[in-house]
Amino acid sequence: MTGEQPRRPAGSAGPRGGRPTDGSGRPAEKIGRDPAGGGRPGSATDGSAGDTERPEPTGGARSRTGTGRPESGGDAPTGVRPTAPGAARGAPTGVRPPDAPAGVDLAGGLAALRGLLARPLASYYLLISSSGLLLLIGLTMVFSATSVRASAADGNAFAMVAKQALFALIGLVAFWICQRLPARTFRAVGLPTLGVAVLLLVVLDVLHLWDKLNGDGDAVLGPLEARLLWLYIGPIQVQPSELAKFGLVLWGADMIARKGAALGWWRELATPLFPVVGLLFLLVGYNDLGTMLCLLAVVVGLLWAAGIRKRVFATLTVFGLVGVGLLVAAASIGAGSGDEDAQNYRLARLTMFFNPPPADECGLTDCYQYLQARYAIDNGGWFGVGLGKSSLKWNWLPEAHNDFIFAILAEDLGVVGCAVVLTLFAVLAYTGLRIARRVADPFRRLAATAATAWLVSQALINIGGVVGLLPITGLPLPFISDGGSALVVTLAAIGMLASFARAEPDAARALHARPAPRWVRLLWAPLPPLPSARRRGKLPAPAPREPESGPGSGKRREPEAGPAGGRARRGRAGTASERRR
């Protein structure tokens with residue numbers, strides 16, 4: 001026996017018991033290592049001692065058999081599950097293989113929706129798209145509901161829709177003007193707008209009283225003429241109650257924003273909010289109870305956005321119910337469209353809602369309109385009879401082009417069309433509240449909440465009355481019903497909301513980061529003001545101090561920055577404008 005060491009078999013452990021060798025003292029190549037970074041060892045040996053198989057340069061196959069499984073003579077390491085045949089190696093976790101069955105990825109869809117809503121100008125585009133589609137549907141339904149009536153009266157089926165389209169153009173001009181105005185302009189025009197509306201309402205009610213006292217049925221005084229809810233000033237026809245809605249939104253938001261935290265005291269609510277609102281409710285509710293309910297929704301939206309305590313809301317609810325009861329009783333003495341010593345039509349509507357008579361007992365005055373609306377909805381079914389093919393608009397359904405146009409829409413387009421309209425109003429409500437939540441200015445927040453409460457409450461009252469969920473109040477459907485004054489004022493309110501949407505902090509920074517060309521800003525809307533650092537809750541970093549040249553330099557020493565993440569101290573809480581509130 002010589003002194004040389006016995007040769008170790010190929011592939012056995014080296015002298016240190018670590019890496020295997022190939023018999024010459026050098027470490028053997030790693031067996032089955034995936035060059036692509038998979039790091040999963042294999043056993044691609046052919047059984048011969050001291051000979052190993054080099055991995056394929058692509059790193060995709062683990063053996064030369066092409067089956068994806070280790071050849072005979074090697075086992076997968078413990079704890080590593082073999083890859084299934086045909087599965088892609090190195091694929092990221094959560095990615096569906098190509099041969100997996102297709103399905104609906106709800107999580108991916110929700111993530112995409114959240115990504116779209118997180119964009120800076122998402123509120124602006126949602127507002128424009130929802131209101132634009134509602135306006136287009138409204139013009140279409142006005143033509144569908146009025147074509148037969150206009151053709152029989154004037155011989156021109158497009159007469160009434162052409163008039164509505166003209167008011168839509170005027171409303172788009174009002175929208176364009178309002179979206180260009182800053183918040184300080186809206187605050188300045190709030191009181192004049194409300195004052196003009198109150199003056200027109202006083203003239204309208206005085207003409208109606210003059211007509212009832214004389215009994216001649218002609219409410220005319222010079223160039224002024226009153227016809228129920230409309231006031232004619234020469235050739236101009238206006239509805240003062242529509243202007244009162246917008247005026248109350250602007251004036252109320254400005255007044256509450258000025259009062260600030262002091263609004264929690266009753267004396268601050270009593271002056272001047274309650275007297276002005278009470279006068280407005282009386283002037284509007286005398287002729288139009290439905291519009292008075294919309295004004296009540298505006299006040300509730302303002303106080304809710306201002307953070308009024310619950311007991312204040314409870315007290316206001318009691319006063320509101322008492323006021324509605326008095327206005328319902330006032331119809332017996334000639335309020336609204338009622339006549340003295342005649343049946344109280346407001347009380348009859350409430351009685352019919354709580355205790356509807358059978359269909360065969362409905363007369364031409366009590367529940368005729370209520371019943372015909374049900375016939376229209378039932379006739380439409382799920383998909384409708386077709387656009388323009390409604391049969392109830394042939395003078396069977398009163399006010400089919402105005403207060404009850406939703407019934408014609410249900411007959412023409414069915415449940416699907418009604419669902420589309422309801423979805424658009426839901427998007428409009430979400431967008432208005434989103435704008436109110438994101439803007440930093442208190443006035444913008446209050447005005448956006450009040451305008452959203454106005455439009456959404458009016459839509460709910462109208463649709464609820466048509467389908468039988470609420471009493472009939474004779475209130476038009478925003479964007480959809482025929483009516484010039486209502487459409488112009490509604491589009492002006494949408495323009496105000498668009499101006500507020502562009503003033504959101506993220507939207508303002510995005511618009512300033514990539515400003516549009518100058519001619520686009522001149523034709524569409526100017527750049528909104530950038531949000532200040534103080535308004536966002538962050539103070540700008542102090543400028544570096546310059547070394548003082550001497551004790552008599554006269555330079556004021558800058559305050560040092562506080563600890564990181566801390567809140568800067570102030571001598572008095574709040575800014576100067578906040579203290580004035």
Between [X] (side chain) and [Y] (backbone), is there a donor-acceptor pair under 3.5 Å?
X: T193; Y: G247; answer: no
X: H512; Y: P528; answer: yes
X: S485; Y: Q239; answer: yes
X: S499; Y: G495; answer: no

#### Entry: Pairs meeting criterion side-chain hydrogen bond (donor to acceptor under 3.5 Å, both in side chains) with involvement of residues 452-470, two or more places apart
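For residues 452-470: K245-Q458, W454-Q458.
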### Task
Give the ring-plane orientation class for F186 versus F500, where under 30° counts as parallel, over 60° as perpendicular and anything between as tilted.
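The rings of F186 and F500 stand perpendicular, inter-plane angle above 60°.
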### Query
Which class fits the ring pair F479 and F425: parallel under 30°, tilted 30 to 60°, perpendicular over 60°?
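The arrangement is tilted - the two ring planes meet at 30° to 60°.
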Would you say that more than 12 heavy atoms from the other residues, nucleotides or ligands in this model lie under 6.0 Å from the [atom1] of [X], or not?
X: R119; atom1: CZ; value: no
X: F274; atom1: CZ; value: yes
X: Y125; atom1: OH; value: no

If you measure from [atom1] on [X] to [atom2] on [Y], what distance do you get to the nearest 0.5 Å?
X: L248; Y: C294; atom1: CG; atom2: SG; answer: 11.5 Å
X: R518; Y: R521; atom1: CZ; atom2: CZ; answer: 6.5 Å
X: L350; Y: L289; atom1: CG; atom2: CG; answer: 8.0 Å
X: I463; Y: I405; atom1: CD1; atom2: CD1; answer: 11.5 Å

### Message
Applying salt bridge (Lys or Arg N to Asp or Glu O under 4.0 Å) to D254 and R258, what does each step give before you reach the verdict?
### Response
CA-CA 6 Å; D254 178 54; R258 290 180 185 277; 3.2 Å; yes
### Task
For L207, enumerate each residue passing the side-chain contact (heavy atoms from CB on, under 4.5 Å) test, keeping only those at least two apart in sequence or located in another chain.
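With sequence neighbours excluded, L207 shows a side-chain contact (heavy atoms from CB on, under 4.5 Å) to V203, A219, L221, L224, A226, L231, given in chain and number order.
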### Query
How would you list, by chain and number, every residue that makes a side-chain hydrogen bond (donor to acceptor under 3.5 Å, both in side chains) with Y430, sequence neighbours excluded?
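Listed in chain order: R434.
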### Task
Check step by step if salt bridge (Lys or Arg N to Asp or Glu O under 4.0 Å) holds for E504 and R502.
CA-CA 6 Å; E504 292 180 5; R502 290 169 56 88; over 6 Å; no
